[in-house]
Protein chains: 2
Amino acid sequence: MAAVPESHRATLADVAREAGVAISTASVVFSGKTKVSDSTRERVLAAAADLGYTGPDPMAASLRRGRSGIIAVVLEGQLRAAFLDPATIPMMDGLTDGIASLGAGLLLLRDEPGEGGVSPLTTAPVDAAVLVGCSGRTRASLEVLRSRGLPVVVIEGDAGEGIPQITLDNREAAAELARHVRALGHTDVVSVTLPPDSLRERGEVTQERLAAATVEVTVDRLSGVRSVYPGARAVSAAASSIDEGLIAGRALLADEVNRPTAVLAQSDLLAVGVIRAAEELGLRVPEDLSVAGFDGVRVDGIGDHVLTTMVQPAEEKGRAAGEQVARMLRGETPTSLHLTCRFRAGTTTAPIA
Amino acid sequence: MAAVPESHRATLADVAREAGVAISTASVVFSGKTKVSDSTRERVLAAAADLGYTGPDPMAASLRRGRSGIIAVVLEGQLRAAFLDPATIPMMDGLTDGIASLGAGLLLLRDEPGEGGVSPLTTAPVDAAVLVGCSGRTRASLEVLRSRGLPVVVIEGDAGEGIPQITLDNREAAAELARHVRALGHTDVVSVTLPPDSLRERGEVTQERLAAATVEVTVDRLSGVRSVYPGARAVSAAASSIDEGLIAGRALLADEVNRPTAVLAQSDLLAVGVIRAAEELGLRVPEDLSVAGFDGVRVDGIGDHVLTTMVQPAEEKGRAAGEQVARMLRGETPTSLHLTCRFRAGTTTAPIA
DNA sequence: TTGTATGCGTTATCAG
DNA sequence: CTGATAACGCATACAA
C-alpha cells in the first residue's frame, strides 16, 4: 500500500485510471448498484488499495444523491440542560434505532445562533430534523427548517399545521395517577411541578403564574391532577432534579398542620427528592406519606424504593420520531403519534392510614 | 413571498437570473467574501426572498469548499452507556465551545457498523473526529478515520503514534487524594473501583483480575491509591452509579471487624452510594467513616454533603479536544494535552477518631 | 457487463 | 465592484 499523499487524496477517477476502467464502473464497484464481473471488481479494488482510496467522498456523494445521511436533533439551550432530563438519553437511543434503516447519523444542534450570527440550522447539510421540546426559540428554528424544505418532526412540542409530532398523554396520565391516589383514600394532595416557565422560580403555582406558563408539559400534567383534585395546591420546583424535590419537599412537609398525605411529583427525580425530605423529617414512605412520580426512568440512588409512577415510553418516543423521519425521506406521508404512559404501581404509595 | 414549489427548490442560478446578475455575484451576496454594492445586494436579496431561496445548499457548498462543518464524536456502544458517566455531558458542552470558532456541529456516532455493514464512519461527511475513550473497537475506528485522512483527536484513550490526545492525570490525582486521607491519619483504607474490564463483575479486585484489566482509568486510579497505600484492598463495582456504590458499600461496611475507616471511591457516584450505605448502617460520615470520590461533577441527590473529591476538568477536556481539532483544520500542528485534576476538600472526610 | 456524458449547486479565480 | 468560467467528486440514465 502506497503512502497517502497529503497533497491530493485519490479520487474515483484516479482509481478508474489505475484500474483501466471507466469511472462509472469504478463507482459501481463501491456502490454495488449494478453487477460487475469479479475480475473487474478485483482490479478496481486493487487499484483502490494501491492508491489508498477508501471509498467515495461523502460530500461529493451527498451532493450527487441529494442526501447527506445526517439527521439533525435540535435541542434547547446547552446540552447539559437538555440532558438533565433522564428521558432524553433513552429517547436519543430510540431515535438512533428509528433512523437505523437510513444508515444516518445524528447531528446535535443547539437552537442558538452560532458565532457568525448564522444558525447552523441554515448551513448544516442535513436531510431532516427532529425538534425536541418545541418552545420559544425552537419555534423559530422550525421556520428555518421548513423554509429549507426539510422534513421535520417535533417531539413533545407545539408544532403547528401539518407537522408530524410525537406527543405524550401527559394530562390523561397525570389524571390516572391522581385517580390511583384518590382510590387509596387521599384527599389532601399537593402537586410538585416542573418549572412552568423559563423563569424557573420556586414556589406556589398561582393562577396568574399558570396563566402565563409556557411549558406545556407542566401545565398538562397539573391539569390532569386537577381534573381529579380540583384546585389542588401546586408548588413548582426550579428544575427537575432530586435536590429540587428535596427543597420543595422540605418546604411542603415542614408545616405539620397543613401537611398533605400524598404528593404527586411531576417527575421521578422530584419524587425522589420529596421522599428524601420526608425521611429527613422522620416520615415514613408510604405509611405516613404517599409519593408518586412521573417518567418511569431508572433513577440512580433511589435505593430499595420502587417509585409509583407513570412510565413514559421515552425510547419509543425517539424511535417513533425516527420512523416518521424515515417515512418522509422515503416520500411517504408521515403521521403524528400520541403515545400513552403506563401506570406502574410501586412501593411509595399506600392507602391512607 | 411566492409558495415554495416542492418540485424544484430555487438555486443560486435562479436567484441570479431573477435579479439580473451573475451567479458569482449572487454567491458573494450570501458569502459576504467580497464587497457588493448596496443596490445589487438588495436586488439579489429581493429575488431570493421572492423565490423562497434560503441560502446556499449546504451539500454543494460542502463539496466546493471541502468542508462540511461537521465534527464527529465517536462514542463506544449505546448512547446511554456513554452518558452514564456524568462527565460526558460537560465534556460535550466543552467540545461544543472548542469548535465554536469553526461554526461546526457535532455528529454523534457509535463505533459499531450500521445496518448495511458499513460504518457511518466511512460515509459520514465530517471534517474531523473526536474519539472518546479509545478502547477495543474504537481502535479500529481510528484506523478508518485516519485512512480517510481526517484529523482525529482522542480523549482519554490509547491513541498511538502521532495522534493528539487529551489525557487526565488519573494516577497522580488518585495519589493526591490518598495522601489527603493518609494525612488525616487513616491507615485502614479500601478503594471502590470502576469496572476494570468489560465483564463488569462486582467483587474483590485480585491480582489476576488487575493484570487482565482493560479499562485504563480504573487501573490508573487504583495504582495512584496504592502508591500511597501499597496493597490496599480494592473491590470493584459493576458500573459507576450510586446504586452500585450502595451495594459495594453495604458489603464493605457490614463486616464490623474488618471495616475500613476510609473509603476511596473511583467516582463521585460510587462515593455517594457508599455514604448512603454508611448512613443505613448508622455510621456517621465523616465522623465514623471518611469517604472520597473522584470527578467533581455535580451529583444530584447528595443533599447537604460536599464530597471530598478530585475535580476533573470535564468541560476543559472537551474544549481542549475541540481546540486541537480546530487547529488541525487550520493546518496548524496539534499538541497533546495532559490535564490535571484539582483537589476539593469537602465534608465527607475527617481525621480519624 | 462496461463505458459515455451530464449535471448536482456551489465557490474561487481571475479578468474586466 | 461585477461577470465569465472552471472545477469540486461523484452517480445515474443511457448507449454500446
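Per chain, numbering begins at 1; letters A, B, ... match sequence-line order.
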Notebook entry, point to check: Are the side chains of B:Leu108 and A:Leu108 in touch, meaning some heavy atoms are under 4.5 Å apart?
Noted result: yes

Next item on the list: State, to the nearest 10°, the angle formed by the axis through the first five base pairs of the helix from C:dT1-D:dA16 to C:dG16-D:dC1 and the axis through its last five.
Entry: 30°

Compile the donor-acceptor pairs under 3.5 Å between side chains in residues 16-32 of chain A and protein atoms, sequence neighbours left out, one pair per line.
from: A:Arg17; atom 1: NH2; to: A:Asp14; atom 2: OD1; distance (Å): 3.2
from: A:Ser31; atom 1: OG; to: A:Lys33; atom 2: N; distance (Å): 3.3

Check: Any side-chain heavy-atom pair from A:Pro151 and A:Leu329 closer than 4.5 angstrom?
Finding: yes

Check: Got A:Val130 and A:Val74 here, is their nearest side-chain heavy-atom distance under 4.5 Å?
Finding: no

Item checked: Any pair counted as side-chain hydrogen bond (donor to acceptor under 3.5 Å, both in side chains), so long as it reaches residues 79-93 of chain A, sequence neighbours left out -> A:Arg80-B:Asp93, A:Arg80-B:Glu315, A:Asp93-B:Arg80

Checklist line | Result of checking A:Leu150, A:Val153, A:Leu102, A:Leu107 against A:Ile71 for side-chain contact (heavy atoms from CB on, under 4.5 Å) | finding: A:Leu102

Next item on the list: Starting at the 5' end of nucleotides 7-16 of chain D, put B wherever the base has a protein heavy atom under 4.0 Å, S where only the sugar-phosphate does, and a dash everywhere else.
Entry: BBBBBB----

Item checked: Non-neighbouring partners of B:Ala61 that pass side-chain contact (heavy atoms from CB on, under 4.5 Å), sequence neighbours left out -> none

Note to self: Distance under 4.0 Å to a non-hydrogen atom of chain B counts as contact; along DNA chain C, which nucleotides mark the start and end?
What the structure shows: C:dG9 to C:dA12

Notebook entry, point to check: Is a salt bridge present between B:Arg146 and B:Glu143, judged by a nitrogen-to-oxygen distance below 4.0 Å?
Noted result: no

Check: What's the spacing between B:Met92 CE and A:Phe83 CZ if we round to 0.5 Å?
Finding: 6.0 Å

Margin query: Base, sugar-phosphate or nothing for A:Thr40? Non-hydrogen atoms, less than 4.0 Å.
Written below: sugar-phosphate

Next item on the list: Decide side-chain contact (heavy atoms from CB on, under 4.5 Å) for A:Glu156 and A:Ile166; before the verdict, give the C-alpha distance in whole Å, the side-chain angles of both, and the deciding distance to 0.1 Å.
Entry: CA-CA 6 Å; A:Glu156 288 196 90; A:Ile166 313 296; over 6 Å; no

